[in-house]
Amino acid sequence: MSTLIVPPIPPSPRDDAIQLYRAFKGFGCDTTAVINILAHRDATQRAYIQQEYKTTFSEELSKRLVSELTGKLETAVLLWMHDPAGRDAEIIRKSLVVKRNLEAATEVICSRTPSQLQFLKQLYHSKFGVYLEHEIEANTSGDLQKVRFLLSIKEIAEKDAKVLFKAGEKKLGIDEKTFVKIFSERSSAHLAAVDSYYHDMYGNSLKKAVKNETSGNLGLALLTILECAKNPAKYFAKVLHKAMKGIGTNDDTLIRVIVSRTEIDMQYICGILDRTLVWSKAEYAKKYKKTLNDAVHSETSGNYRAFLLALLGPNH
C-alpha cells in the first residue's frame, strides 16, 4: 500500500511524453495536465517517460520542466523526477555542500535501511565523483564524522543498554564514541530493543539520556536514528508538523519528506512494503487532530498544493 495513486493501466510512456509536450506548447503551461501525469506515475514509469520525451522531442524533460514551472512547484516536481536513490543523493549533496545545513542529510541517512544506504553510497560516488563518507568528513566535524550508518546486530540489547548507561548517565561527561558505535552498528529492531531494556533497567528513556548527554549535530544524528528505529511514522509526522506549525512554512522540509517518503513507500524492503508515509498520515491525525492532507492544504496554495496533495493520496 502507498499514498501514490497510479492508474491500473497507465498510458504508454510515449503517450505520456506526447501529452506533456502538448501541455508545454502555446501560451503558458497546462500545469494541471503536467501534475495529473507526473504525480501519478512511479519511478520506473517516470524514467521511461523521460527516455521517450528525449527520443521523440530531442530535449531533456527535466530541462523543459525547469523552463515551464516556477517556485515551489518546480522544486517539488524536479525532486520527484529522480529515482529514490538519486533523490537521496541530491538531497544529501545539497544539504552538505550547498546549504551547509546537516538536518536534511542527517534525516535521509539516519532513516534509510542498510540496503538502501549501500546502493545510495555507490550511486553517490558515481554521480558526484566522491565517496559519501569522504563528503561527510569534509563537511562536518567532531564525532559526527564517525557515524557510518552501517547497521548490523552484533551484541545483545541488554548488554548495549548497560554499556550506554555507563558511557552516559552514570559518568561525568559522555563517552561519545561508545554512543556513536552502538547507534551506527545496530539494526533498527535491535536499537528499539535496547531502548526498551534501558527504560526497564534505569527508569529513564534512552531518548532523554541522549538529549541530556549530547548536543549539536551528533545529538541530532543519534536522536534521528533512535526515533526512526522506534517509530518512523511518528518521527516523520513530527517533522511534517514542525515544518507547518506557526507563521510560515518550511517548504524545503515539506517537499523533501512528502516526495521522498511517497517513493520509498513504493519499495519492497526485505519482502515487506515500507508504509511509513501511510502510517505517518495516521500518526499525524491521531497526534494533531487534523489530517495531514488538510494541514498541507491550509499551508500551501495553487499548483504546488495540488501536486503535494496528489502525492499524498486520499484524505483519510
Side-chain angles (χ1 to χ4, degrees), residues 1-13 15-16 19-20 23 30-49 65 69 71-84 87 107 111 228 231-245 249-269 271-316:
M1 181 179 181
S2 166
T3 60
L4 183 65
I5 300 175
V6 178
I9 306 177
S12 71
D15 287 342
D16 278 341
Q19 290 303 314
L20 287 169
D30 185 350
T31 312
T32 299
V34 174
I35 292 173
N36 286 340
I37 294 171
L38 297 181
H40 299 290
R41 302 294 184 269
D42 63 28
T44 301
Q45 292 164 342
R46 295 196 307 276
Y48 284 132
I49 291 171
L65 288 169
L69 305 178
K72 299 163 190 173
L73 175 65
E74 178 188 348
T75 301
V77 172
L78 290 177
L79 194 62
W80 175 243
M81 293 307 292
H82 291 285
D83 64 280
R87 181 183 307 117
E107 176 194 287
S111 63
C228 286
N231 191 334
K234 185 176 181 179
Y235 169 78
F236 283 107
K238 184 175 72 173
V239 170
L240 288 165
H241 178 71
K242 182 180 177 182
M244 293 185 283
K245 75 175 183 179
T249 301
N250 187 332
D251 291 290
D252 282 348
T253 298
L254 195 63
I255 291 168
R256 181 183 72 247
V257 174
I258 292 177
V259 169
S260 297
R261 296 314 307 190
T262 296
E263 196 81 274
I264 288 175
D265 274 9
M266 295 294 291
Q267 298 182 83
Y268 279 88
I269 302 167
I272 301 174
L273 186 58
D274 183 336
R275 298 175 179 172
T276 303
L277 186 54
V278 177
W279 290 329
S280 290
K281 290 173 70 174
E283 284 283 349
Y284 196 98
K286 177 182 176 183
K287 185 172 179 64
Y288 304 113
K289 311 305 179 186
K290 186 178 187 179
T291 69
L292 179 56
N293 293 56
D294 287 346
V296 170
H297 188 277
S298 66
E299 294 294 326
T300 59
S301 61
N303 291 313
Y304 170 50
R305 171 200 285 167
F307 182 69
L308 293 186
L309 291 178
L311 297 185
L312 283 175
N315 187 16
H316 58 70

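Predicted model, so just to flag it, every value in this text is computed and none were measured.
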Could you state the interatomic distance from OH (Y288) to CE (M244), rounded to the nearest 0.5 Å? 9.5 Å

So, N303 side chain and A306 main chain: donor-acceptor pair closer than 3.5 Å or not? no

Mind checking whether T32 and I35 have side chains closer than 4.5 Å, heavy atoms only? no

Out of L308, L240, L311, T291, which one pairs with V296 under the side chain to side chain contact (heavy atoms under 4.5 Å, CB included) rule? L308

Beyond-backbone contact of T253 with R256, side-chain heavy atoms, under 4.5 angstrom: yes

Can you establish whether the number of heavy atoms outside Y48 located under 6.0 Å from its atom OH is more than 12? no

Using 30° and 60° as the class boundaries, would you call the ring planes of W80 and F307 parallel, tilted or perpendicular? perpendicular

With a 4.5 Å limit on heavy-atom distance, are the side chains of L65 and L38 in contact? yes

Just wondering, are more than 12 heavy atoms of other shown residues or ligands nearer than 6.0 Å to NE2 in H297? no

Within this structure, what is the CD1-NZ distance for the pair I258 and K281, rounded to the nearest 0.5 Å? 9.5 Å

List the residues meeting side-chain hydrogen bond (donor to acceptor under 3.5 Å, both in side chains) with K234, not counting sequence neighbours, and say none if there are none. none

Compare every heavy atom of H82 with every heavy atom of R46, then report the nearest pair and how far apart it is. NH2-O, 3.1 Å

For G313, is there any backbone N or O sitting under 3.5 Å from a side-chain donor or acceptor partner on N293? yes

Shortest non-hydrogen contact from L79 to R87? O-NE, 2.8 Å

Nearest non-hydrogen partners of S280 and A237, listed with the distance: O-CB, 3.8 Å

Taking side-chain hydrogen bond (donor to acceptor under 3.5 Å, both in side chains) as the test, write out the residues that go with K290, two or more places apart. S298

Check whether K72 reaches the backbone of I255 with its side chain - one donor and one acceptor, N or O, closer than 3.5 Å. no

Taken to the nearest 0.5 Å, the spacing of D42 CG from D83 CG works out to 11.5 Å

Between E283 and L292, is there a side-chain heavy-atom distance shorter than 4.5 Å? no

Roughly how far apart are D16 CG and H40 NE2, rounded to 0.5 Å? 11.5 Å

Within a strict 4.5 Å, meaning less than it, do heavy atoms of the R41 and P11 side chains meet? yes

Report yes if the side chains of F236 and E107 come closer than 4.5 Å at any heavy-atom pair, otherwise no. yes

Taking the side chain as everything from C-beta on, heavy atoms only, tell me whether L254 gets closer than 4.5 Å to N250. no

For P7 and P10 the tightest heavy-atom approach is O-CD, 3.2 Å

Going by the rule side-chain hydrogen bond (donor to acceptor under 3.5 Å, both in side chains), which residues pair with E299 if we only count those two or more places apart in sequence or in a different chain? T249

